[in-house]
Undergrad: 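The structure is given below, and queries will be raised subsequently.
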Amino acid sequence: MAKFRITFAGPHVSFQDAGRTGHLRFGVPGSGPMDRLSFAAANTALGNPAGATTIEVSMGGLVLECLEGPISLALAGGDFGAQQGLAWSVFTAQPGEKLTIRPGTSGSWAYLAFAGDVDVPQWLGHTATHALSGLGGGRVRTGDMFDVQNPRVEDARIGDIARPEFDRTDGPMRVVMGPQDQFFQQSALDAFLGETWALTDAYDRMGVRLAGPKLELKDALGIPSEPILRGSVQVAGDGVPTVLLADHGTTGGYPKIAVVAAVDQDRLCQLRAGGTLRFAAISPEEAVKLVRTRDAVMTDYLSAIAIPRGSLQQRLMRENLITGFIED
Amino acid sequence: MGFPDFKPVSDNGLLVAFGDSMTPQVHDAVLRLDRVLAQHPPHGLVEVVPAFVNLMVVFDPLVTDHAAMQAAVQALLGTEVAGSTEGTLREVQVCFDADLAPDLATVADQTGLSEEAVIDAHLAGELHVVMYGFAPGYAYMTGVPEALHLPRKQAPVRDVPKGSVLIAGAQCLVSTVTMPTGWWIIGRSPTEILRDDPARPFLFDVGDPVRFTRIDRDSYEKAVRANG
């Protein structure tokens with residue numbers, strides 16, 4: 001068994017597995033990682049199942065101490081841990097070691113994966129934490145301790161994780177318009193697609209409010225509450241849009257002008273307050289095609305980083321064979 | 001607009017609407033399709049989210065798409081629902097002691113009823129769960145008797161404890177998390193809506209009728225202790 005103590009955890013740090021489906025009808029959103037690709041990368045590079053339980057680290061950062069070990073870990077997401085030399089890498093924690101994970105120059109969320117079974121509560125079959133209720137593995141708080149069962153040391157995986165370059169585009173966020181776009185003035189639809197938006201610091205796992213022009217509604221505040229999917233851009237009576245994310249409410253009465261395509265949700269989540277974005281409308285057919293293309297690219301990427309590259313000694317040996325010389 | 005109306009949502013949803021405003025007929029059509037989809041799930045169906053006038057059909061875009069799902073739903077529209085569509089009567093206990101019901105006196109005042117008459121009217125209401133939303137286990141019920149219909153408060157009140165029995169307009173709900181609310185707090189319930197039971201994790205299904213029963217303080221405290 002490995003054991004950790006949380007020396008410090010900022011706000012919005014929580015345990016997350018891949019998230020749950022099938023309970024939207026009971027008011028339960030999927031939860032799970034804000035950036036699903038980085039989450040899967042951290043687990044896969046460590047030799048874990050892609051959906052294993054991680055700690056999702058927020059801009060607030062995380063400091064933890066390994067009390068029992070050793071155990072290998074992986075960190076992926078944004079540029080978190082860059083200063084500490086941990087960004088996008090697999091490494092091993094020894095008992096007594098303290099690990100500091102701070103946001104680097106980019107990204108809002110990172111994933112710390114553990115080679116073993118993180119022993120935290122499940123709810124509805126998953127450890128994904130729903131922040132508002134605290135249900136699931138739970139929020140990570142200063143002073144907490146947790147165990148990791150069946151810890152492994154993954155010598156053959158230590159080192160950098162290749163970053164998913166395919167996800168680091170700065171093009172517009174693609175959206176499918178609707179389902180309540182008929183409740184907006186034409187000027188609002190034009191502004192939504194034509195103007196540049198900024199993320200505000202009203203940003204948590206439920207969603208992020210955007211700053212930009214006011215989006216004028218028609219008489220829409222009396223519409224009955226409708227089901228909501230992740231990525232929905234909801235506009236309240238004040239004309240301010242909010243992109244609803246991992247812990248979104250499952251139904252709501254404010255009209256949704258558009259929904260951000262799944263393929264662009266990870267990089268949207270990695271923007272920071274003050275970061276800017278534009279929206280571009282695509283058809284539902286295009287959105288489905290994009291999901292399928294990205295799934296294939298993602299599968300290739302994850303298969304590539306899943307392969308152990310050998311122990312340090314084996315890698316040095318390979319170097320040695322290539323160069324024919326190695327210093328003592 | 002003709003109904004049913006189909007709208008593609010994002011890359012994984014189809015919103016099927018049966019009307020613009022909530023009527024028993026419209027909501028009944030929602031419940032009927034919800035049940036038919038449960039009994040005959042189309043290829044690629046992930047889950048279905050029923051609401052007041054429409055339901056969201058969530059699908060896996062790796063195996064199906066909006067057009068195929070719409071065709072599958074259309075083909076199911078005339079299908080008979082197997083078994084009863086009535087739902088199952090669920091009981092919710094509620095204690096109306098003043099400290100657990102901070103708005104009871106105001107509701108009585110604003111409706112021109114006595115507090116006991118407010119309680120009696122609420123207990124006599126024929127409530128149904130029409131939709132979940134906001135947070136896990138937040139079951140919106142309709143059927144609050146007309147005599148008790150009040151608009152929401154001007155401003156929400158913070159830190160309203162979980163288990164609060166809330167009303168606004170024709171709607172009622174029992175909160176499952178501590179949160180701010182602008183609804184009127186008329187009692188407190190020890191009945192767990194989020195149940196620690198994998199086979200039946202939530203007390204209600206959408207469509208279930210609900211009966212509130214009055215309990216005294218002793219029974220309330222006992223039930224709270226039993227919940228742990």
Undergrad: Could you check whether B/His66 and B/Phe59 have their ring centres less than 6.0 Å apart?
TA: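 When the ring centroids of B/Phe59 and B/His66 are compared, they turn out to be within the sub-6.0 Å range.
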
Undergrad: Counting heavy-atom pairs under 4.5 Å with chain A, which one of B/Thr178, B/Asn54, B/Thr176 comes out on top?
TA: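 It is B/Asn54.
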
Undergrad: Which atoms of B/Leu15 come close to chain A, meaning under 4.5 Å heavy atom to heavy atom: side chain ones, backbone ones, both, or neither?
TA: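 Side chain only.
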
Undergrad: Determine, step by step, whether A/Ser31 and A/Asp247 satisfy the side-chain hydrogen bond (donor to acceptor under 3.5 Å, both in side chains) criterion, reporting the C-alpha distance in whole Å, the side-chain angles of both residues, the deciding distance to 0.1 Å, and the verdict.
TA: CA-CA 5 Å; A/Ser31 296; A/Asp247 288 348; 2.7 Å; yes

Undergrad: Side chain, backbone, both or neither: which part of B/Val177 has an atom under 4.5 Å from a heavy atom of chain A?
TA: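 Contact with chain A: side chain only.
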
Undergrad: For B/Val130, is it the side chain, the backbone, both or neither that has a heavy atom under 4.5 Å from a heavy atom of chain A?
TA: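 Contact with chain A involves no heavy atom of B/Val130 at all.
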
Undergrad: Could you check, using the six-membered ring where one of them is a Trp, whether B/Tyr132 and B/Tyr138 have ring centers closer than 6.0 angstrom?
TA: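 No; B/Tyr138 has its ring centre 6.0 Å or more from that of B/Tyr132.
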
Undergrad: Quick one: which of B/Ser10, B/Ala51, B/Pro201 has the most heavy-atom pairs under 4.5 Å with chain A, could you say?
TA: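 The residue among B/Ser10, B/Ala51, B/Pro201 with the greatest pair count is B/Ser10.
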
Undergrad: Apply the test side-chain hydrogen bond (donor to acceptor under 3.5 Å, both in side chains) to residues B/Ser189 and B/Gln93: give CA-CA distance (whole Å), side-chain angles for both, the deciding distance (0.1 Å), then the verdict.
TA: CA-CA 6 Å; B/Ser189 173; B/Gln93 298 182 324; over 6 Å; no

Undergrad: Any chance the side chains of A/Gln270 and A/Asp266 put a donor and an acceptor closer than 3.5 Å?
TA: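 Side-chain D/A pair, A/Gln270 to A/Asp266: absent.
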
Undergrad: Report which part of A/Leu124 has an atom under 4.5 Å of a heavy atom belonging to chain B: side chain, backbone, both, or neither.
TA: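 Side chain of A/Leu124 only, per the 4.5 Å heavy-atom cut-off to chain B.
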
Undergrad: Is it the side chain or the backbone of B/Ile193 that comes within 4.5 Å of chain A heavy atoms, both, or neither?
TA: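 Neither part.
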
Undergrad: Which answer fits B/Val48, side chain, backbone, both or neither, if we ask what part of it has an atom under 4.5 Å from a heavy atom of chain A?
TA: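 Both parts, backbone and side chain.
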
Undergrad: Please flag which part of A/Leu290 lies under 4.5 Å from any non-hydrogen atom of chain B: side chain, backbone, both or neither.
TA: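 No part of it gets close to chain B.
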
Undergrad: Please confirm whether B/Lys153 makes a cation-pi placement over B/Trp184, using NZ or CZ under 6.0 Å from the six-membered ring centre and within 45° of the ring normal.
TA: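 Output yes; distance and angle both within limits.
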
Undergrad: Can you say whether B/Phe52 sits under 4.5 Å from chain A via the side chain, the backbone, both, or neither, judging by heavy atoms?
TA: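 Both parts, heavy atoms under 4.5 Å.
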
Undergrad: Taking atom CG of A/Leu132 and atom NE2 of A/His248, what is their separation to the nearest 0.5 Å?
TA: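 The CG atom of A/Leu132 sits 13.0 Å away from the NE2 atom of A/His248.
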
Undergrad: Give the member of A/Ser133, A/Ser225, A/Gly249, A/Ala262 that has the highest number of heavy-atom pairs under 4.5 Å with chain B.
TA: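 Most heavy-atom pairs under 4.5 Å with chain B: A/Ser225.
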
Undergrad: Given that the side chain runs from C-beta out, which part of A/Val260 has a heavy atom under 4.5 Å from chain B: side chain, backbone, both or neither?
TA: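 Just the backbone, heavy atoms under 4.5 Å.
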
Undergrad: Please classify the contact of B/Thr64 with chain A as side chain, backbone, both or neither, using a heavy-atom distance under 4.5 Å.
TA: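 Contact with chain A is through the backbone of B/Thr64 alone.
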
Undergrad: So which part of A/His23 gets closer than 4.5 Å to some heavy atom of chain B, the side chain, the backbone, both or neither?
TA: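 Contact with chain B is through both the backbone and side chain of A/His23.
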
Undergrad: Could you tell me the separation between the CD atom of B/Glu47 and the CG atom of B/Asn12, rounded to the nearest 0.5 Å?
TA: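 The CG atom of B/Asn12 is 9.5 Å from CD of B/Glu47, to the nearest 0.5 Å.
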
Undergrad: Which value, rounded to the nearest 0.5 Å, describes the distance between B/Asp11 atom CG and B/Asp65 atom CG?
TA: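 Between atom CG of B/Asp11 and atom CG of B/Asp65 there are 11.5 Å.
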
